[in-house]
Amino acid sequence: MTNKVEMQETIEAMVQKGKGIIAIDESQPTIAKRFKPIDVDSTEENRRAWRSLLLSTAHLGNYISGAILFEETLLQKDEHGNSLPEVATSNGIVTGIKVDKGKIPLVNTPGDMITQGLDGLADRLQAYKTQGARFAKWREVYPISPGNPTTLGIEANAEVLARYAAICQSVGIVPIVEPEVLIDGDHTIERCAEVIELVQHAVYHALHRHKVILEYTILKPSMVTPGKESTSKASPEEVARHTVKVLRRTVPAAVPSINFLSGGQTDEEATANLNAMNSLYSGEPWELSFSYGRALQQAALKAWQGKTEKVQQAQDALLKRARLNGAARYGTYQKAMEKD
Ligand code: 13P
């Protein structure tokens, strides 16, 4: 099979009506932070148990087409000895892998960050592929402040994302391109829109220069919202209007799907905002979908508490959030459905 045929098949499996992606690829420090409120230690066994619980949730594949895994999960097994990628596959879920190695400060641009991990990436991808990964994810991070992101930061981050995406495609892996503009700060929704427009414009310019085939990519952007510490709150309709306006200005129609991150929104906000986009803007050239981490896992984590006897309750909580986000893909979610 050629790389193009392989990537086309992966895209078709990932991009489906009424479905989105679940991100369960937290790095070791991040998963420890997520486990802390429920008093669970981040041991390898606890991480395995948690991610096995998520991937084996019955009927999850009705709403989830892809799962982004962390490196160690590719090699872990469920209680019956099945590898976790196999568990996902038998649930109708394609598996991908986070391949970046985290962010560091970008020298000479105070406040900006850059993500590491390009060296040896092609070899790592080949190995991940034999372990069941069909797509990859790489996250660049952009803080908003009066002076950030800088022009240099925007250009350097775009270049790295494009190099990552080109390397993925050279081995038949679909790249999820994630330029995350952080929600932290007290900035206005207009300032957020301005930054995301600059960032995405630079990303698509770089993808073009690196000859990345857009048809075999997925964009994972932030929604346009006011900063978390801002006193003004935006309705789902406002978030949808600003977000779709920026996407129209920056994302070519060749991109099949835009799968938002939740980035610190509450579960309900993330669902309501996605729903508004799909109910108000159904004729866009790309699918408007989700690739949530926290907004899909939070309720389930709270239900689980690290206890075997709570596994079913946690899976019920996950399935409910997945179902509601599945409805948001059609623009048919209503707040009353939270009570079902
Ligand atoms: P959140 O939805 O929690 O932002 O996570 C998505 C993700 O994969 C960030 O890289």
Side-chain angles (χ1 to χ4, degrees), residues 14 19-37 47 50-51 54-55 63-71 73 88 93-103 113-117 133 135-144 157 160-161 164-165 174-185 192 196 199 203 217-225 227-228 239 243 257-275 277 288-302 317-318 321-322 324-325 328-329:
M14 293 172 78
K19 298 187 190 183
I21 293 169
I22 184 168
I24 57 170
D25 60 335
E26 297 82 4
S27 62
Q28 308 299 31
T30 305
I31 191 77
K33 212 158 64 182
R34 303 278 183 265
F35 279 176
K36 200 164 186 337
R47 294 191 296 271
W50 173 237
R51 288 163 172 162
L54 296 171
L55 293 171
Y63 314 107
I64 301 291
S65 54
I68 312 171
L69 309 182
F70 189 66
E71 195 173 16
T73 314
I93 298 169
V94 193
T95 49
I97 171 84
K98 167 199 175 76
V99 295
D100 67 71
K101 294 194 167 180
K103 59 183 165 47
M113 315 296 293
I114 194 89
T115 299
Q116 306 189 96
F135 66 93
K137 184 197 97 170
W138 182 290
R139 171 176 178 254
E140 293 292 329
V141 179
Y142 308 76
I144 299 185
N157 278 278
V160 172
L161 269 176
Y164 141 79
V174 167
I176 294 185
V177 173
E178 180 179 4
E180 177 171 4
V181 174
L182 295 177
I183 200 171
D184 308 323
C192 181
I196 294 184
V199 162
V203 167
T217 64
I218 286 177
L219 176 67
K220 174 163 176 166
S222 304
M223 294 184 194
V224 178
T225 64
K228 213 174 168 96
V239 171
T243 303
S257 186
I258 295 173
N259 291 55
F260 296 98
L261 57 95
S262 60
Q265 296 181 33
T266 66
D267 303 1
E268 288 191 32
E269 279 168 354
T271 307
N273 289 339
L274 179 65
N275 185 68
M277 280 187 243
L288 292 165
S289 184
F290 59 91
S291 174
Y292 296 157
R294 280 161 287 180
L296 277 168
Q297 292 184 61
Q298 251 151 199
L301 253 183
K302 222 168 136 188
L318 171 65
R321 281 278 32 108
L324 297 181
N325 284 305
R329 288 278 284 111

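Indexing begins at 1, ligand by ligand and atom by atom, following the structure's order.
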R47 and T73: side-chain donor and acceptor closer than 3.5 Å?
-> no
Hey, looking at [atom], which of [options] has the closest heavy atom?
atom: atom 4 (O) of ligand 1; options: G263, S27, S222; result: G263
atom: atom 6 (C) of ligand 1; options: K220, Q297, Q298; result: K220
atom: atom 9 (C) of ligand 1; options: E178, E26, K98, R34; result: E178

Would you find a donor on one side and an acceptor on the other, under 3.5 Å apart, between the side chain of S262 and the backbone of D267?
-> no
Is the backbone N or O of E269 less than 3.5 Å from a side-chain atom of T266, with the two atoms forming a donor-acceptor pair by type?
-> yes
Show the atoms of ligand 1 that are less than 4.0 angstrom away from any heavy atom in [X].
X: R139; result: 10 (O)
X: Y292; result: 2 (O)
X: S291; result: 6 (C)

Taking only residues two or more places apart in sequence, or in another chain, which ones meet R139 in a side-chain hydrogen bond (donor to acceptor under 3.5 Å, both in side chains)?
->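 Listed in chain order: E180.
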For S291, enumerate each residue passing the side-chain hydrogen bond (donor to acceptor under 3.5 Å, both in side chains) test, keeping only those at least two apart in sequence or located in another chain.
->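 If we apply the side-chain hydrogen bond (donor to acceptor under 3.5 Å, both in side chains) test to S291, skipping adjacent residues, the hits are K220.
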Applying a 4.0 Å heavy-atom criterion (strictly less than), which segment of R294 is in contact with ligand 1: side chain, backbone, both, or neither?
->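 Both the backbone and the side chain of R294 come within reach of ligand 1.
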Side chain, backbone, both or neither: which part of A295 has a heavy atom under 4.0 Å from ligand 1?
->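 Under 4.0 Å from ligand 1, A295 contributes no heavy atoms.
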Do S222 and I196 have side chains that get closer than 4.5 Å, going by heavy atoms?
-> yes
[atom] - nearest protein heavy atom and its distance:
atom: atom 1 (P) of ligand 1; answer: S262 OG, 3.3 Å
atom: atom 10 (O) of ligand 1; answer: K137 NZ, 2.5 Å
atom: atom 5 (O) of ligand 1; answer: G293 N, 3.5 Å

Identify which one of K33, K98, K137, R51 satisfies the salt bridge (charged side-chain N to carboxylate O under 4.0 Å, His left out) criterion when paired with E26.
->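 Considering K33, K98, K137, R51, a salt bridge (charged side-chain N to carboxylate O under 4.0 Å, His left out) with E26 is found only for R51.
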Minimum heavy-atom distance between V199 and V181, given as atom pair plus value |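 Closest approach of V199 to V181: CG2-CG2, 4.2 Å.
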Within less than 4.0 angstrom of ligand 1, does G264 place any heavy atom?
-> no
